[in-house]
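Report on one structure; see the data block that follows.
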Amino acid sequence: MVPAGRVVTYGQVARAVGVPTAARQVGFVLHGLAPEAEVPWQRVINASGGISTFKIGLGELQSALLEHEGIVFTGDRVDLRRYRWQPPTDLAS
DNA sequence: CTGTTGACCAAGG
DNA sequence: ACCTTGGCCAACA
């Protein structure tokens, strides 16, 4: 789960699940789940911090949702260094 | 089964 | 900062 006001990259998620090579499939799956999914697909963006969904028409929704969560868009992308969610390490909880 | 495409990523020019 | 190349895995024609 990704906390509100945070974002994660596809590659990051891919690695998180143990399949660093399947970043594309992450997006592909999300595409299938998007409309009725309970998952915060809106917080999943590409490694450039940009909205990948602009090309498929969800960009407007995406940006709106993220802005709604408090994320500021720097032009057509967000500040990853600031909004990127870091996966929980079982090292220090 | 083969070839192309895709909500991607990292590296090199 | 932008484009190209290689890689990865799954869905489609």
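To find a chain, count down the sequence lines: A is the first, B the second, and so on, and within it residues start at 1.
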Test salt bridge (Lys or Arg N to Asp or Glu O under 4.0 Å) applied to E69(A) - qualifying residues, sequence neighbours left out: R43(A)
Within one Ile-Leu-Val-Met-Phe-Trp-Tyr cluster: L33(A) and V17(A), side-chain cutoff 4.5 Å: no
Is it possible for you to say whether L58(A) and V39(A) belong to one hydrophobic cluster, with membership spreading through side-chain heavy-atom contacts below 4.5 Å? yes
Under 4.0 Å, heavy atoms only, any strand: does A34(A) hit a base, just the sugar-phosphate, or nothing? base
Going by heavy atoms in the side chains, are L80(A) and I45(A) under 4.5 Å from each other? yes
NA contact type, S48(A), heavy-atom cut-off 4.0 Å: base, sugar-phosphate, or nothing? nothing
Pull out every protein N or O sitting under 3.5 Å from an N or O of nucleotides 2-6 of chain C, one pair per line with the distance.
none

For DNA chain C, the residues among residues 17-33 of chain A that have a non-hydrogen atom under 4.0 Å from it: T21(A), R24(A), Q25(A), F28(A)
Write down the atom of E67(A), the atom of F73(A), and the distance for their closest heavy-atom approach. OE2-N, 3.4 Å
Shortest non-hydrogen contact between N46(A) and T9(A), atoms and distance: O-CG2, 3.7 Å
Can you tell me if Q12(A) uses its side chain to pair, donor with acceptor, with the backbone of W85(A) under 3.5 Å? yes
Sequence neighbours left out, cut at 3.5 Å: what donor-acceptor pairs do the side chains of residues 20-32 of chain A make with other protein atoms?
none

Can you list every pair that meets salt bridge (Lys or Arg N to Asp or Glu O under 4.0 Å) and has a residue in residues 72-86 of chain A, with sequence neighbours left out? none
Heavy-atom contact window of chain A on DNA chain B, given 5' to 3' at under 4.0 Å: dG6(B) to dA10(B)
